[in-house]
Amino acid sequence: MSKQESSAYPPIERGASLLLAWRLDGRRVLLIGGGAVAASRLGFLLQSGAHVTIVSPGPLEASIAYRVATEPDHITWHDRAYGSSEGGDVSADDELPVGDYDMVLTAVDDVALSRAVCLAARAARTPVNVADVPPECDFYFGAQVRRGPLQAMVSTSGAGPKIAVIVRDLVADAIPENVEDAIEGVGALRAELRERAPGVGGELSKRRMRWMIGTCDAWTLGEMGAMKAPEVRRRLLDDGWEKHKVLGPEAVGVGASVSARVAKALDGAGAVWAAGAGGLFTGAAVATLATLYFVRR
Ligand SMILES: C[C@@]1(CC(=O)O)c2cc3[nH]c(cc4nc(cc5[nH]c(cc(n2)[C@H]1CCC(=O)O)[C@@](C)(CC(=O)O)[C@@H]5CCC(=O)O)C(CC(=O)O)=C4CCC(=O)O)c(CCC(=O)O)c3CC(=O)O
Ligand SMILES: NC(=O)C1=CN([C@@H]2O[C@H](COP(=O)(O)OP(=O)(O)OC[C@H]3O[C@@H](n4cnc5c(N)ncnc54)[C@H](O)[C@@H]3O)[C@@H](O)[C@H]2O)C=CC1
């Protein structure tokens, strides 16, 4: 290998997890346990649209009991211990075999039960998470933040969950309040662009993507909410897309210019904050967070 090649392709840094957004809508999840940790898992599962089978002897943690009562279409509760046969042999829990599920989670203070569930799930090739036992997790939960359609997760690959929480809080603070408006506006623009220029793949698709990227780069997150207005989108598409041009907000009559805003924000304490985060993030991420912070101010 040439020297040039090895410097162009940095060494692989192993030890990471693969971060994904798992689409659980309508999928079946087995949740074993009915305490505080199970309650947290349940909240995320319901938001993702999963159907959750909870197995735990009552009484359930209060929020779980509430969801069981109010989400009958999404939760089935079995008021008993899992693997309730002699000796807690989970492979003998014929009524609720782990292989019937798309995901299995345990949140019980029972090491032997958790290990048995993990082994049964792996034998059935069903992904499993045993709260607090990293070797028995095919995937970890992370510290999360959600703002409408926007979700972010921070993981330390098991090394320091509390650090994940601290960084998540930094990220959450940096997300501008109006990010939902930005996503809604850009989402509507993308949808209308696809109506004008439909299809998948090929030159048109490349041009469509280039135009979307250029347009997003020309607007701040704070300004993008203006794209919710049909008239703004019409002008962007008629005067921009149709004429092979990328238009900033001022060109369609929205707000002050981007550069003026960024220059103004750089004047404030935000720059100090961004520098402080430099040790934790890549350059690109710092730039993004700094931008988010400026827009929020
Ligand atoms: C591997 C992982 C497996 C998994 O459970 O998925 C795991 C494992 C362990 N957690 C332990 C302890 C703590 N866990 C938390 C908090 C959270 N733990 C979460 C995830 C994960 N925890 C996965 C890796 C995440 C990553 O990649 O970074 C979060 C982020 C998400 C969630 O669980 O929903 C959630 C924050 C939720 C939120 O606030 O949003 C706190 C802090 C607190 O409670 O404030 C402490 C005390 C401080 C400390 O110990 O560091 C212990 C030691 C137990 C002991 O010592 O006995 C182990 C076992 C071990 O490390 O061996
Ligand atoms: N990853 C994380 O963020 C954290 C993980 N944990 C770990 O998660 C586990 C659960 O924690 P908590 O919810 O606080 O405990 P908890 O004691 O509040 O709840 C345990 C639940 O499991 C149920 N249970 C016990 N045996 C069962 C069986 N055979 N079948 C079905 N359900 C059974 C109990 O009825 C209870 O509802 C513990 O092992 C704890 O160490 C704890 C704190 C944070």
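Position 1 is the first residue of the sequence; numbering continues from there. In each ligand, atom 1 is the first atom listed, and ligand 1 is the first ligand listed.
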Counting non-hydrogen protein atoms only, what is the nearest one to atom 13 (O) of ligand 2? Give residue, atom name and distance. V37 N, 2.9 Å
Does the protein put a heavy atom less than 4.0 Å from atom 3 (C) of ligand 1? yes
For atom 49 (C) of ligand 1, is the nearest protein heavy atom under 4.0 Å away? no
Is a side-chain donor-acceptor pair under 3.5 Å present for E203 with S205? no
Restricting to salt bridge (Lys or Arg N to Asp or Glu O under 4.0 Å), what partner residues turn up for E180, sequence neighbours left out? none
Are there more than 12 heavy atoms of other residues, nucleotides or ligands under 6.0 Å from atom CZ of R168? yes
One thing to verify: whether D239 and K245 come together as a salt bridge, which I'm taking to mean a side-chain N less than 4.0 angstrom from a carboxylate O. no
When the side chains of residues 41-60 are checked against the rest of the protein, which donor-acceptor pairs come out under 3.5 Å, sequence neighbours left out?
{"from": "Q47", "atom 1": "OE1", "to": "R146", "atom 2": "NH1", "distance (Å)": "2.8"}
{"from": "S48", "atom 1": "OG", "to": "L45", "atom 2": "O", "distance (Å)": "2.7"}
{"from": "H51", "atom 1": "NE2", "to": "T76", "atom 2": "OG1", "distance (Å)": "3.3"}
{"from": "S56", "atom 1": "OG", "to": "G34", "atom 2": "N", "distance (Å)": "3.1"}

Could you check whether atom 60 (C) of ligand 1 has a protein contact, counting only heavy atoms that fall below 4.0 angstrom? yes
Note: ligand 2 atoms sitting under 4.0 Å from heavy atoms of G33 are 22 (O), 23 (C), 32 (N)
So the atoms of ligand 2 within less than 4.0 Å of a heavy atom of A36 turn out to be 13 (O), 18 (O)
Counting heavy atoms only, which of A143, S56, G158 comes nearest to atom 23 (C) of ligand 2? S56
Proximity of N129 to ligand 1 by residue part, where a heavy atom lies under 4.0 Å: side chain
Are R208 and W241 in a cation-pi contact, defined as NZ or CZ under 6.0 Å from the six-membered ring centre and within 45° of the axis? no
Per-atom contacts, ligand 1 versus R41 - under 4.0 Å to a heavy atom: 4 (C), 5 (O), 6 (O), 32 (C), 33 (O), 34 (O)
For P134, the ligand 1 atoms with a heavy-atom partner under 4.0 Å come out as 1 (C), 59 (C), 60 (C), 62 (O)
Return the CD1 to CZ distance between I213 and R210, rounded to the nearest 0.5 Å. 9.0 Å
Mark whether atom 46 (C) of ligand 1 lies under 4.0 angstrom from at least one protein heavy atom. no
What part of S17, side chain, backbone, both or neither, has a heavy atom within less than 4.0 angstrom of ligand 1? neither
Is the closest protein non-hydrogen atom to atom 40 (O) of ligand 1 under 4.0 Å? yes
Calculate, to the nearest 0.5 Å, the distance between atoms CD1 and CG belonging to I32 and L96 respectively. 8.5 Å
What are the atoms of ligand 1, with element, lying closer than 4.0 Å to any heavy atom of R168? 38 (C), 39 (O), 40 (O)
Would F141 count as being in polar contact with ligand 1, using the rule that some N or O on each side must be under 3.5 angstrom apart? yes
Closer than 4.0 Å: a protein non-hydrogen atom to atom 8 (O) of ligand 2: yes
Does a side-chain N-to-carboxylate-O contact under 4.0 Å join E242 and R196? yes
Atoms in ligand 2 flagged as close to Y82, the criterion being non-hydrogen separation under 4.0 Å: 28 (C), 29 (N), 30 (N), 31 (C)
How about M212 and V186: do any of their side-chain heavy atoms sit closer than 4.5 Å? yes
Kindly indicate whether atom 17 (O) of ligand 2 is approached by any protein heavy atom to under 4.0 angstrom. no
Ignoring hydrogens, just give me the one of N129, V117, V108 whose non-hydrogen atom is nearest atom 25 (C) of ligand 2. V108
Is_contact(atom 55 (C) of ligand 1), protein non-hydrogen, under 4.0 Å: no
Given that the side chain starts at C-beta and the backbone is N, CA, C, O, which of these parts of L60 lies under 4.0 Å from ligand 2, counting heavy atoms, or is it both or neither? neither
So, for atom 14 (N) of ligand 1, does the protein have a heavy atom nearer than 4.0 Å? yes
Taking side chain as C-beta onward, heavy atoms only, is E13 less than 4.5 Å from P11? no
Looking only at distances, please establish whether an N/O atom of ligand 1 is found under 3.5 Å from an N/O atom of Q144. no
Element-labelled atoms of ligand 1 that are located less than 4.0 Å from some non-hydrogen atom of A131: 5 (O)
Is it true that H78 lies under 4.0 Å from ligand 2, counting heavy atoms only? no
Is the shortest N/O to N/O distance between G158 and ligand 1 below 3.5 Å? yes
Atom 36 (C) of ligand 2 - nearest protein heavy atom and its distance: G34 N, 3.9 Å
Regarding R190 and E195, does a basic nitrogen lie under 4.0 Å from an acidic carboxylate oxygen? no
May I ask whether D110 has any heavy atom positioned less than 4.0 angstrom from an atom of ligand 2? no
Nearest protein heavy atom under 4.0 Å from atom 35 (C) of ligand 1, yes or no: no
Side-chain donor or acceptor of W211 paired with backbone N/O of K206 under 3.5 Å: no
With heavy atoms only and a cut-off of under 4.0 Å, state how P161 meets ligand 1: side chain, backbone, both or neither. both
Any side-chain donor paired with an acceptor under 3.5 Å for S155 and S17? no
Kindly confirm or rule out an N or O of Y140 lying under 3.5 angstrom from an N or O of ligand 1. no
What part of D132 sits under 4.0 Å from ligand 1 if we count only heavy atoms: the side chain, the backbone, both or neither? both
